[in-house]
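Here the structure is a predicted model, which is why all the values come from computation and not from measurement.
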Amino acid sequence: MSKMIVLNTDWIFTKQEHSESVTLPHTWNAIDGQDGGNDYYRGTCIYTKKLPDIQLAEGDRAVLQFDGVAMTAVVFLNGKKLAEHKGGYSTFRVDITDALQDANTLTVEVDNSDNDTVYPQKADFTFYGGIYRDVTLNILSATHFAMPENGAVPVKVTPVVTDLEKRRCEVTVEAFTVGAKMVKFALDGQMVSAPVENDIAKAVFALENVHLWDGVNDPYLYTVTAQLESGETQSVRFGCRKFEVDPQKGFLLNGREYPLRGVSRHQDRKGVGVAITKEMMEEDLALILEMGANTIRLAHYQHAQAFYDLCDEKGLVIWAEIPYITMHMHNGRANTLTQMEELIVQNYNHPCIAVWGLSNEITAASPVSEELLENHRALNELAHRLDPTRPTTMANVFMLEITNPILEIPDVNSYNLYFGWYLGDLDQNDAFFDEYHTKYPDRCIGFSEYGADANPAYQTSSPERGDYTETYQCVYHEHMAKMIAERPWLWATHVWNMFDFAADGRDEGGKNGENQKGLVTFDRKIKKDAFYLYKAYWSKEPFVHTCGSRYVDRAEDVTEVKVYSNLAEVSLYVDGRLQETKQGDKVFTFQVPITGKHSIEARAEGYSSVILINKVDKPNPAYAMANRQEVNNWFDGELDETCWSVKDNMAAAMADAKVGPVLKQISDKAAASRGDVAAAVKDNPALVAMMQRAMQRMTIESMLKQAGASIEDIKQLNRVLQGISKE
């Protein structure tokens, strides 16, 4: 009989001249990949391990399975190179049978260095290196279920709901074998024996009164078992469900409208990197479910099998994608196809997966060329050939024109928009989708990314774009949540991001090395206030949440208190006395006079939430980025209207031969602070055109604030501009 041995302990890890004993999962960038500076180690490290004694009977095979090695792995046994795998997120297997000796040393060279063939290479997240998922040794009998190099599942299940009203489902089961002549299948009390032809056995089951996999409401899973003549078995879980996407109705699950509303997730964690445990995955999913989301975009790569399993069990609908991101590489086409093949053949059985993602923001740093289009056509064709049951999609960068031919390749599309954060106004998000839906009423469109960075330490009574406050993040998401709710034809929407994550090239918002758009902090310890806004929109669990618990010291005489709840009426109590009762919908705003220390409590139908605040004379400097506090009349003296100033229109100033170069230098510096991607795309003609449109509405001062400039920086630039005459 075949057996599996977990090989996670007693590895020797060597980085340059240093060696140490480690246990898998392991990454060498858990610390330096999260501390900023864009200087984390990217290179080759060595993992070695003495294998246990391996006794093979005649015809047996020994196969290693690596569940995740980032980014490129070269596998040696006893000094002999056996395999190379390019791609840091998928499973691969290596047959070591013919290289075995009496004693065996396994060596894996792992490399996450910059190159031009393996994706990803340019993206707004850290490319951790290491063997960060399980490694197993599989001893296979002469007759066994196949374990191919590409990590494909040995038993493939294709359920097709043929009649929703009568609950009928046709289930095709295929077993891939070596040395077998017959396979016995068992499903829901039915037994079928099927002969093996060309190493494949196939059976078709007809299920009546099928119990549907029905999302978070009822994620029912069936189990099918395949058995060889030797008695060896493989059991596979699957779900019977019907996914559809309609241009007017949005996403449909089992024939009914089921708007997909949820989040995106990166797999890393503070101080741990990508070497996360099953318990950490369970905590992530519990937080997502608490918020009431019913979908996750698993960005920007293949995630762990354990997480897809959890999504199957809990009913989350999943967008799965490959790391074909930001920048098309001339030499990378083969790698995109390999990673797409591995994603699909390894995850085919998961009922949670609804769409295969071809790429993400691929036109951010690359023009739309015939080569780029052909790469996407090849990916689209491959996805449909390997899996005719699921549609393909793309996440398109915000400056991609809606008339671009690349939008015609996938079955459905989504856009990443950041109006109201990186540039422009919040209502431009509304206008964008309304224009798209009007121009292309027969196309399905979704909202694959949107978000605003928030450092929970930063608080204000006057939120504005670019201040990195938790307060502005609430303003931003209040607009977006309402906008989305009013457009049910958006087939899927995904907040960017559920959790803060590592982007070592970033240096902004009071933290180095982090993207802070998460609704929950990187360590999962703080649920930002915006988390509860979405809970109010999506969760059926009654609750009330008073925002601003971290905004304790308040200098205003009358402070705004905001409450999120999915209940219809909220009462606010100040120091135990009823202040006001309001009826409303999800967001309740109260104006509260303050004089000293106060306890403020929101109550609704027996639920309550309390915050403590303190009236102070001056704003607490810890609540804002250094030197960012708003100062009235900050400029020195009166402004000379015959010369340029930061109060002038940004577009007009950029057009000036003397002022334009000065402002471009500042914008380039700001882009660099946001990491590799921002720096790489700053000269994209589409982005430049969009920025020019956005600048028609903005002053130089507002753009500087968005870039995180301090008051002193703004004052200094103003002095320079006041010395340049308008001509």
Side-chain angles (χ1 to χ4, degrees), residues 287 290-292 452-464 467-478 481 500 509-510 516 518-521 523-539 541-624 629:
L287 287 164
E290 178 189 344
M291 198 171 66
D453 291 79
N455 184 333
Y458 294 165
Q459 305 289 332
T460 183
S461 60
S462 304
E464 61 180 357
D467 65 9
Y468 290 86
T469 63
E470 188 176 14
T471 326
Y472 180 76
Q473 189 184 47
C474 287
V475 171
Y476 174 93
H477 282 293
E478 285 168 20
D500 293 345
Q516 298 181 78
L519 303 176
V520 178
T521 53
D523 58 10
R524 278 55 170 179
K525 291 182 179 179
I526 296 176
K527 301 169 190 171
K528 302 177 191 179
D529 284 334
F531 172 97
Y532 295 95
L533 171 71
Y534 286 104
K535 186 173 181 178
Y537 269 88
W538 298 337
S539 177
E541 176 189 358
F543 83 101
V544 63
H545 172 77
T546 308
C547 299
S549 64
R550 286 167 284 278
Y551 185 24
V552 178
D553 295 333
R554 306 193 181 199
E556 58 269 22
D557 294 327
V558 177
T559 193
E560 181 177 274
V561 176
K562 195 172 288 183
V563 177
Y564 295 148
S565 179
N566 52 10
L567 300 169
E569 183 176 278
V570 171
S571 296
L572 196 74
Y573 290 77
V574 179
D575 301 327
R577 294 187 298 273
L578 178 63
Q579 169 86 11
E580 189 177 1
T581 296
K582 284 191 173 185
Q583 288 78 38
D585 183 26
K586 302 176 181 63
V587 181
F588 302 79
T589 303
F590 301 87
Q591 300 300 318
V592 179
I594 56 175
T595 56
K597 294 182 182 296
H598 299 284
S599 170
I600 299 179
E601 179 183 12
R603 299 179 189 173
E605 295 186 14
Y607 299 90
S608 70
S609 173
V610 179
I611 65 171
L612 303 176
I613 65 173
N614 179 39
K615 176 70 167 67
V616 294
D617 294 331
K618 296 180 179 180
N620 187 333
Y623 290 171
Q629 292 87 341

Quick check: closest heavy atoms across C474 and A530, and the distance to 0.1 Å?
SG-N, 3.9 Å
Among L519, D500, T521, find the residue that satisfies the side-chain contact (heavy atoms from CB on, under 4.5 Å) test when tested with I526.
T521
Does anything in residues 611-621 pair up under salt bridge (charged side-chain N to carboxylate O under 4.0 Å, His left out), and if so which pairs, sequence neighbours excluded?
D557-K615
Name all residues meeting the side-chain contact (heavy atoms from CB on, under 4.5 Å) criterion together with A568; count only those two or more places apart in sequence or in a different chain, and write none if there are none.
none
State which residues pass side-chain contact (heavy atoms from CB on, under 4.5 Å) with A457; sequence neighbours excluded, sorted by chain then number.
N455
Expected output: side-chain T471 to main-chain T460 donor-acceptor under 3.5 Å:
yes
Measure across Q473 and G518 and return the closest heavy-atom pair with its distance rounded to 0.1 Å.
NE2-O, 3.3 Å
Kindly determine whether Y458 and Y472 satisfy side chain to side chain contact (heavy atoms under 4.5 Å, CB included), including the steps that lead there.
CA-CA 10 Å; Y458 294 165; Y472 180 76; over 6 Å; no
Once salt bridge (Lys or Arg N to Asp or Glu O under 4.0 Å) is applied, do any residues pair with E290, and if so which ones, sequence neighbours excluded?
K527, K535
Student check: side-chain heavy atoms of Y532 and C547 closer than 4.5 Å
no
Quick one: closest heavy-atom pair of P456 and K528, and the distance?
CG-CE, 4.0 Å
About how many Å separate CD1 of I613 and OG of S549, when rounded to the nearest 0.5 Å?
12.0 Å
Sorted by chain and number, sequence neighbours left out, side-chain hydrogen bond (donor to acceptor under 3.5 Å, both in side chains) with D529 holds for H545
Which residue pairs pass the ring pair (Phe, Tyr, Trp, His ring centres under 6.0 Å) test when at least one of the two sits in residues 546-573, sequence neighbours left out?
Y551-Y623
Quick one: pull up CG in D453 and OG1 in T469 and give me the separation to the nearest 0.5 Å.
11.0 Å
For the atom pair CH2 (W538) and CE (M291), what is the distance rounded to the nearest 0.5 Å?
5.0 Å
Residues in salt bridge (Lys or Arg N to Asp or Glu O under 4.0 Å) contact with K597, at least two apart in sequence or another chain:
none
For L567 and F588 the tightest heavy-atom approach is O-CZ, 3.4 Å
Passes side chain to side chain contact (heavy atoms under 4.5 Å, CB included), L533 versus V587? Steps please.
CA-CA 8 Å; L533 171 71; V587 181; 3.8 Å; yes
Applying side-chain contact (heavy atoms from CB on, under 4.5 Å) to A602 and not counting sequence neighbours gives V544, T546, V563, V570, L572
With sequence neighbours left out, the residues meeting side-chain hydrogen bond (donor to acceptor under 3.5 Å, both in side chains) with S461 are none
If I compare all heavy atoms of N566 with all of S539, which pair ends up nearest, and what's the gap?
ND2-O, 3.0 Å
Which atom pairs, one a donor and one an acceptor, fall under 3.5 Å between side chains of residues 579-586 and the rest of the protein, sequence neighbours left out?
unit_1	atom_1	unit_2	atom_2	d
T581	OG1	S571	OG	2.8
K582	NZ	T589	O	2.3
Q583	NE2	E569	OE1	2.4

E470: partners by side-chain hydrogen bond (donor to acceptor under 3.5 Å, both in side chains), with sequence neighbours left out:
Q459, R550
Main-chain N/O of G596 paired with H598 side-chain donor or acceptor, under 3.5 Å
yes
Heavy-atom closest pair, residues Q516 and G509
NE2-O, 3.2 Å
